[in-house]
Amino acid sequence: MLEIRLIRDDIDAVAARLQKRGFTLDIDRIRSLEEERKQVQVETQDLQAERNQRSKAIGRAKAAGEDIQPLKDEIAGLGDKLKAVSGRLDTLQAELDTLLLSVPNLLHDSVPEGLDENDNVEIRRIGVPQAFSFSPRDHVELGEALGQLDFERAALIAGSRFATLNGGLARLQRALIQYMLDTHIEQHGYTEVYVPYLVNSESLKGTGQLPKFEQDLFKIDGESDYYLIPTAEVPVTNLVRDQILDAVSLPQRMVTHTPCFRSEAGSYGKDTRGLIRQHQFEKVELVQIVKPEHSYEALEQLTGHAEVLLKSLELPYRVMLLCSGDTGFSAAKTYDLEVWLPAQNAYREISSCSNFESFQARRLKARWRNPETGKPELVHTVNGSGLAVGRTLLAIMENHQNEDGSINIPAVLQPYMRGQQRLEKASS
RNA sequence: GGAGAGGUGGCUGAGUGGUCGAAAGCGGCGGUCUUGAAAACCGUUGAAGGGAAACCUUCCGGGGGUUCGAAUCCCUCCCUCUCCGCCA
């Protein structure tokens with residue numbers, strides 16, 4: 001959410017910056033709503049002040065033993081008038097809030113202009129794709145040949161866009177999770193957290209998934225206001241909702257592993273094969289709560305933390321700076337890490353690292369007390385995948401495959417696999 | 001699931017219809033004293049919105065209601081605690 005003051009002060013400049021990402025701000029509607037809001041608010045507050053004054057006078061008169069009936073008569077009608085005006089104020093405020101909640105974040109100046117992913121800018125490219133002496137198979141073929149990846153069983157149990165793993169592959173996924181968590185905890189200074197996988201709508205509103213992106217979520221049917229988390233960003237960032245944090249507690253660096261659930265509505269026919277786009281997948285998520293002046297530094301640092309994993313897993317990747325049209329709703333600036341997939345002969349997203357500046361913090365009312373001003377001020381939030389585990393698993397399968405269909409386990413994962421060096425058909 | 005007790009400022013905790021945004025204590029900040037610190041004493045100390053400011057409004061778990069007036073009464077939801085039952 002943007003600061004209403006910013007919009008009030010210079011709505012044209014804000015609208016111009018939003019246009020950069022293809023969002024058209026309804027200037028006239030906001031102007032007229034704001035104008036009426038201001039007038040109705042003053043009116044409401046005047047009436048409230050009058051009511052308070054007169055009620056206190058009645059209190060005094062009563063204490064003095066005077067007849068209060070005449071005073072009560074004088075006030076007749078004020079209540080109804082107040083109710084009408086404040087009702088109107090509530091309506092106006094609600095309309096403005098709804099409008100503001102669906103306005104995306106302003107982009108950082110360093111974000112290149114562009115329409116879609118084709119305009120994203122490659123920042124750096126690390127690692128060289130392996131030259132195979134045979135035609136590399138994709139992870140579906142490899143996994144099914146190993147007998148350790150099964151989409152048919154999953155379709156039977158749940159439906160499309162689910163997978164079952166068994167034996168070595170299931171263990172390798174678990175090894176990846178442990179390795180990623182341990183690396184961030186031990187080398188990058190993150191604190192591990194464990195959080196709910198079901199969250200309420202307030203939390204989703206706080207991080208920006210609601211109200212605009214309800215169709216991407218799985219909602220739990222019933223009385224309770226629960227959604228399955230689409231990313232751990234939601235519960236973890238909400239740890240600081242409605243808080244005024246101590247300056248010395250910043251930055252907060254948190255890491256967690258959770259499953260993530262996405263409806264993938266609107267992605268019919270896209271990535272239908274394999275593990276790339278599933279309704280359920282595992283992800284290790286990095287979240288930082290920082291002072292505003294450090295958030296861009298934190299974004300670079302956090303992106304680097306995710307990159308460490310790709311390097312150590314010997315996976316070639318590139319870092320993309322998303323252009324204005326491709327940057328997500330809540331983000332001010334985003335780097336995507338894209339891993340090389342030999343079977344697709346392409347780089348595919350495996351991590352997305354964003355600085356949200358105060359956009360989420362404003363919705364979350366997540367603040368810190370600035371010692372310089374003594375006042376509560378909004379924090380900045382930064383997060384990124386470190387990494388998407390399912391996609392990492394398939395990247396390992398495809399990049400580290402052998403001609404016989406076995407898969408080399410990267411050295412850093414072997415300690416988590418009792419020293420096992422390869423996944424083979426016999427292994428389990 | 002059944003029965004009961006609660007949710008008040010950074011914390012503890014008073015307040016059951018009227019100058020209550022809220023006593024008191026702790027903590028924080030500033031000062032006096034001191035070579036310095038501690039102690040003691042004095043002062044100060046919540047958040048949000050509107051306004052250039054004076055100042056005004058709102059907030060005592062959330063929402064709704066009664067009343068001239070609600071932290072206080074009523075309804076409803078959420079959460080915490082105790083006991084019983086059930087359970088990974």
Side-chain angles (χ1 to χ4, degrees), chain A residues 1-11 30-101 194-206 210 220 222-227 235 238-250 252 259 358 361-379:
Chain A
M1 188 154 63
L2 301 181
E3 191 179 5
I4 181 68
R5 234 179 289 236
L6 195 67
I7 295 177
R8 278 201 293 258
D9 287 351
D10 199 352
I11 193 166
I30 292 180
R31 274 218 179 103
S32 74
L33 277 173
E34 256 301 304
E35 201 175 316
E36 195 187 352
R37 191 227 92 227
K38 203 161 171 173
Q39 182 212 319
V40 173
Q41 181 165 340
V42 169
E43 220 174 306
T44 303
Q45 293 188 351
D46 285 349
L47 285 172
Q48 283 171 332
E50 185 181 350
R51 180 203 60 196
N52 292 348
Q53 251 175 19
R54 287 178 179 267
S55 292
K56 279 181 182 173
I58 291 175
R60 277 194 299 268
K62 198 177 170 195
E66 294 165 20
D67 181 12
I68 60 170
Q69 195 53 47
L71 291 171
K72 285 173 78 166
D73 292 343
E74 273 177 45
I75 242 180
L78 191 137
D80 290 338
K81 223 157 75 185
L82 178 58
K83 199 172 279 183
V85 183
S86 71
R88 177 67 189 150
L89 181 62
D90 290 346
T91 309
L92 286 167
Q93 201 63 63
E95 277 180 53
L96 266 168
D97 285 348
T98 307
L99 211 80
L100 283 176
L101 280 173
Y194 172 80
V195 290
Y197 301 162
L198 296 176
V199 294
N200 57 37
S201 55
E202 268 308 299
S203 296
L204 288 155
K205 208 169 103 185
L210 288 181
I220 304 294
E223 318 256 305
S224 57
D225 171 36
Y226 286 149
Y227 294 79
N238 270 275
L239 284 170
V240 295
R241 169 148 59 108
D242 288 320
Q243 299 235 7
I244 300 175
L245 303 165
D246 213 334
V248 298
S249 74
L250 301 176
Q252 288 188 21
S358 60
R362 189 168 295 107
R363 291 169 166 240
L364 291 162
K365 295 186 188 68
R367 294 167 293 172
W368 66 296
R369 193 172 295 278
N370 186 345
E372 282 173 33
T373 61
K375 290 284 166 200
E377 296 173 14
L378 294 169
V379 297

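So that the names make sense, note that chain A is the first sequence line, chain B the second, and so on, each numbered from 1.
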Check whether any side-chain nitrogen or oxygen of A:Lys72 sits under 4.0 Å from OP1 or OP2 of B:U67, and answer yes or no.
no
Assigned partner base of B:C83, Watson-Crick or wobble definition, under 3.5 Å:
B:G2
Taking the C1' atom of each, how far is B:C56 from B:G51, in whole Å?
9 Å
Inter-nucleotide P distance (B:C20, B:U57), Å rounded
14 Å
Taking any heavy-atom pair under 4.0 Å as a contact, classify A:Arg60: base, sugar-phosphate, or nothing.
base
Does B:G49 have OP1 or OP2 under 4.0 Å away from a side-chain N or O of A:Arg37?
no
Using Watson-Crick or G-U wobble geometry with both distances under 3.5 Å, which nucleotide pairs with B:A71?
none
Interatomic distance at P, B:C29 relative to B:U80, whole Å:
34 Å
Side-chain contact check for A:Lys83: nearest option of B:A48, B:G69, B:U66 is B:U66
If you take all heavy atoms of A:Leu82 and A:Thr44, which pair is closest and at what distance?
CD1-O, 3.8 Å
Side chain of A:Ala49 - closest among B:C68, B:U57, B:A47:
B:U57
Please tell me if A:Arg8 has a side-chain N or O lying less than 4.0 Å from either OP1 or OP2 of B:G49.
no
What's the gap between B:U58 and B:G21 when it is taken at their C1' atoms, as a whole Å value?
11 Å
Using Watson-Crick or G-U wobble geometry with both distances under 3.5 Å, which nucleotide pairs with B:C59?
B:G46
So what does A:Ile75 hit on the nucleic acid, given a heavy-atom distance under 4.0 Å: a base, only sugar-phosphate, or nothing?
sugar-phosphate
Watson-Crick or G-U wobble partner for B:G9, using a 3.5 Å limit on both distances?
none
Any A:Arg5 side-chain N or O less than 4.0 Å from OP1/OP2 of B:G49
yes
Using every non-hydrogen atom in the two residues, find where A:Arg37 and A:Arg8 come nearest and quote the distance to one decimal.
NH1-NH1, 3.3 Å
Using atom C1' in both nucleotides, what's the gap between B:C33 and B:C41 to the nearest angstrom?
9 Å
Tell which nucleotide pairs with B:C41, taking only Watson-Crick or G-U wobble pairs whose two distances are both under 3.5 angstrom.
B:G31
Give the intermediate values and the outcome of side chain to side chain contact (heavy atoms under 4.5 Å, CB included) for residues A:Glu95 and A:Leu99.
CA-CA 6 Å; A:Glu95 277 180 53; A:Leu99 211 80; over 6 Å; no
Quick note, A:Ser55 side chain, CB onward, closest among B:G18, B:G50, B:A48 is B:G18
Separation between the C1' atoms of B:G4 and B:G65, rounded to whole Å
26 Å
So does A:Asn52 get a side-chain nitrogen or oxygen closer than 4.0 Å to the phosphate oxygens (OP1/OP2) of B:U57?
yes
Applying the Watson-Crick and G-U wobble criteria at under 3.5 Å, what pairs with B:C20? Answer none if nothing qualifies.
none
Considering only side-chain heavy atoms of A:Gln48, which listed nucleotide, B:U58, B:G51, B:C68, is closest?
B:U58
Here the pair of heavy atoms bringing A:Pro235 nearest to A:Val199 is CB-CG1, 4.1 Å
I'd like the C1' distance from B:A14 over to B:U66, given in whole Å.
26 Å
Within less than 4.0 Å of OP1 or OP2 of B:A47, is there a side-chain N or O belonging to A:Arg369?
yes
I'd like the C1' distance from B:C11 over to B:G46, given in whole Å.
13 Å
A:Lys56, nearest nucleotide to its side chain (from B:G50, B:G21, B:G69):
B:G21
Quick one: label A:Lys62 by what it contacts on the DNA or RNA (base, sugar-phosphate, nothing), any heavy atom closer than 4.0 Å.
base
Which nucleotide in B:U58, B:G50, B:G18 has an atom nearest any side-chain atom of A:Arg51:
B:U58
5'-most contact on RNA chain B (nearest-nucleotide basis), A:Arg367 vs A:Glu50, goes to A:Arg367
